[in-house]
Amino acid sequence: MDERVAIVTGAGSGIGESTARHLAERGLDVGLVGRRRNRLDDVAAAIAEAGGRSFPLPADLARPEAPQELVERVLAERGRVDVIVNNAASFRLKTVDEFTLEEFDDHVAVNVRAPYFLVRAALPALRSSPAAVVVNVSSAAAGMYRRGQTVYGLTKAALEHMTMNMAAELAPDRVRVVCVRPGPVATEIHTAVSDPEARLRELEKLVPLGRVGQPDEIARWVGHLVDRDADWVTGTVLTVDGGRILGPPGA
Ligand SMILES: NC(=O)c1ccc[n+]([C@@H]2O[C@H](COP(=O)([O-])OP(=O)(O)OC[C@H]3O[C@@H](n4cnc5c(N)ncnc54)[C@H](OP(=O)(O)O)[C@@H]3O)[C@@H](O)[C@H]2O)c1
């Protein structure tokens, strides 16, 4: 069993929830971060029922102080931080003229600043871990250029740059930094658009392998990258998208 302590952001739903359950199945003790306390409690109860360990860490990552406070809470409660999965994100599809200053700042704060400062706050703990790993969850939008995705896409492109730059800088400390880049996955994130079911049907047609993904299909890859067997892998951006970034089927 894996004795490490992980922090998973956005653990109350979707890819983050699946990832938290998956890491707990592997034996890790998982700190569950999100704003909705009830969702974190439900995930913690499901993990306990399956024989795993986790603990809720309600927090709003848009607050500048949140990353430091989270790491302090985990160190006070568990005494170590070995794994960070930066999965939470703000997501709005809006054209350049529609995006407000507040929305822009919120996307950068949640999708870029919080992941950076979570790692920074945890660095002493990560450096003393026997197997430290940071997994950032990007998006196919980081490398695709589509209407309404300027701000979301730029935050994910920044996260991928951060992955590789931090991986290079922290390799001598034996802190691995990797990234998973999902294509369209059936989660609540699509409720940000007016008709999420119609959007998923539309996205499905754009995936060469003919369907959208399920949260567990992303969580499994996060699990592989966190595994000690992956200890010669760093700086990798792993695309798990049914071929989405290759273009529409038959293109
Ligand atoms: N689903 C897709 O098609 C897709 C495709 C590519 C990439 N991704 C990426 O996958 C990741 C997970 O998204 P998902 O699809 O699983 O959607 P989701 O179910 O909506 O998950 C997003 C999570 O982030 C949390 N969150 C959002 N803002 C937060 C904040 N300010 N502070 C703390 N937590 C916050 C939300 O919880 P609370 O609301 O309770 O805070 C929620 O649990 C994201 O990084 C997303 O960009 C998703």
Side-chain angles (χ1 to χ4, degrees), residues 7-22 30-44 56-67 69-70 73 84-93 102-103 105-115 117-118 134-144 146 149 151-160 162-163 179-193 196-197 199-204 206-207 211-219 221-222 237-242 244-245:
I7 297 174
V8 177
T9 70
S13 61
I15 293 167
E17 173 181 353
S18 284
T19 299
R21 288 172 179 245
H22 194 78
V30 187
L32 310 166
V33 180
R35 290 167 298 185
R36 289 166 296 175
R37 170 78 201 224
N38 60 327
R39 300 296 290 261
L40 305 179
D41 288 342
D42 290 347
V43 176
L57 293 167
D60 180 356
L61 293 166
R63 290 178 54 248
E65 308 78 18
E69 290 171 3
L70 278 168
R73 272 155 66 191
I84 296 175
V85 181
N86 283 311
N87 163 80
S90 286
F91 172 71
R92 291 278 175 283
L93 287 180
E102 291 73 23
E103 287 166 336
D105 284 349
D106 171 74
H107 277 61
V108 173
V110 177
N111 302 6
V112 182
R113 186 182 68 196
F117 282 97
L118 253 187
V134 176
V135 185
N136 296 319
V137 179
S138 175
S139 165
M144 302 188 78
R146 295 172 63 80
Q149 299 211 3
V151 178
Y152 178 67
L154 74 84
T155 64
K156 295 302 191 180
L159 195 61
E160 293 189 5
M162 194 169 96
T163 299
C179 180
V180 174
R181 179 200 258 193
V185 178
T187 70
E188 291 173 18
I189 207 165
H190 298 289
T191 54
V193 297
E197 289 304 321
R199 179 168 165 77
L200 283 168
R201 281 197 301 276
E202 182 191 311
L203 286 169
E204 189 171 79
L206 300 174
V207 178
R211 63 173 178 84
V212 297
Q214 296 303 318
D216 193 49
E217 293 181 287
I218 308 301
W221 285 100
V222 176
V237 176
L238 179 74
T239 302
V240 186
D241 72 341
R244 173 74 185 99
I245 60 168

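Note that ligands are numbered from 1 as they come in the structure, with each ligand's atoms numbered from 1 the same way. Worth knowing before you read on, the calculation uses all heavy atoms, side chains too, and leaves out hydrogens, waters and symmetry mates.
- Rounded to the nearest 0.5 Å, atoms CZ (R37) and CG (D42) are 11.0 Å apart.
- In the vicinity of V137, heavy-atom distances shorter than 4.0 Å reach the ligand 1 atoms 9 (C), 10 (O), 11 (C), 45 (O).
- Within ligand 1, the atoms closer than 4.0 Å to a non-hydrogen atom of A62 are 31 (N), numbered from 1 in the order shown.
- For atom 8 (N) of ligand 1, the closest non-hydrogen atom of the protein is Y152 OH, 3.7 Å.
- For the atom pair D241 CG and E217 CD, the distance stands at 11.5 Å (nearest 0.5 Å).
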Inset, instruction - Give the C-alpha distance, both sets of side-chain angles, the deciding distance and a yes or no for salt bridge (Lys or Arg N to Asp or Glu O under 4.0 Å) between R21 and E17. - result: CA-CA 6 Å; R21 288 172 179 245; E17 173 181 353; 3.1 Å; yes

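- Not a single N or O atom of G16, backbone or side chain, sits closer than 3.5 Å to an N or O atom of ligand 1.
- Side-chain contact between L159 and N111 is absent, with no heavy-atom pair separated by less than 4.5 Å.
- For ligand 1, the atoms sitting less than 4.0 Å from at least one non-hydrogen atom of V110 are 31 (N), numbered in the order shown with element in parentheses.
- Rounded to the nearest 0.5 Å, atoms OG1 (T191) and CZ (R199) are 11.5 Å apart.
- Set against the non-hydrogen atoms of A88, the atoms of ligand 1 under 4.0 Å away are 24 (O), 25 (C), 26 (N), 34 (N), 35 (C).
- Of the candidates T19, D60, T191, it is D60 that places a heavy atom closest to atom 31 (N) of ligand 1.
- Between V8, V212, I15, it is I15 that holds the heavy atom closest to atom 16 (O) of ligand 1.
- The closest donor-acceptor contact from the side chain of R113 to the backbone of A62 lies under 3.5 Å.
- Put simply, the side chain of S13 reaches to within 4.5 Å of the side chain of R36, judged on heavy atoms.
- Under a 4.0 Å heavy-atom criterion, P184 is in contact with ligand 1.
- Heavy-atom distances between T9 and ligand 1 stay at or above 4.0 Å for every pair.
- Set against the non-hydrogen atoms of A59, the atoms of ligand 1 under 4.0 Å away are 32 (N), 33 (C).
- Residue-ligand proximity, G14 to ligand 1, at heavy-atom distances under 4.0 Å covers atoms 16 (O), 19 (O).
- Distance check: S139 OG to I245 CD1 gives 10.5 Å after rounding to the nearest 0.5 Å.
- We find the CG-CD1 distance between L70 and I7 to be 6.5 Å, quoted to the nearest 0.5 Å.
- When side chains are defined from C-beta on, L57 does not count as touching L40, because their heavy atoms never get closer than 4.5 Å.
- Put simply, part of H190 is less than 4.0 Å from ligand 1, judged by heavy atoms.
- Between the T9 side chain and the N87 main chain, a donor and an acceptor come within less than 3.5 Å of each other.
- Not a single heavy atom of V33 lies less than 4.0 angstrom from ligand 1.
- When atom types are taken as modelled, the side chain of H107 and the backbone of R92 share a donor-acceptor pair closer than 3.5 angstrom.
- The protein heavy atom nearest to atom 13 (O) of ligand 1 is I189 CD1, 3.9 Å.
- Only the side chain of T187 comes within contact range of ligand 1, with a heavy atom under 4.0 Å; no backbone atom does.
- Taking every heavy atom of S139 and a limit of under 4.0 angstrom, the matching atoms of ligand 1 come to 6 (C), 7 (C).
- For atom 21 (O) of ligand 1, the nearest protein heavy atom (residue, atom name, distance) is S13 OG, 3.4 Å.
- With hydrogens left out, the protein atom closest to atom 5 (C) of ligand 1 is G183 O, 3.2 Å, a heavy atom.
- Atom 40 (O) of ligand 1 has its nearest heavy-atom neighbour, among R36, R39, E17, in R36.
- Of the charged side-chain nitrogens involved, none lies within less than 4.0 Å of a carboxylate oxygen, so that E160 and K156 do not count as a salt-bridged pair.
- Proximity of V207 to P184: side-chain heavy atoms (C-beta onward) are separated by under 4.5 Å at one or more points.
- Remark: minimum distance from atom 7 (C) of ligand 1 to any protein heavy atom is reached at S138 O, 3.1 Å.
- Here the protein heavy atom with the shortest distance to atom 39 (O) of ligand 1 is R35 NH2, 3.0 Å.
- With I15 as the fixed residue, the side chain to side chain contact (heavy atoms under 4.5 Å, CB included) test singles out one of V180, V185, I189, V8: V185.
- In terms of protein heavy-atom proximity, atom 45 (O) of ligand 1 is nearest to N87 O, 2.6 Å.
- Looking only at protein heavy atoms, the nearest one to atom 25 (C) of ligand 1 is G10 CA, 3.6 Å.
- For K156, the closest heavy-atom approach to ligand 1 falls below 4.0 Å.
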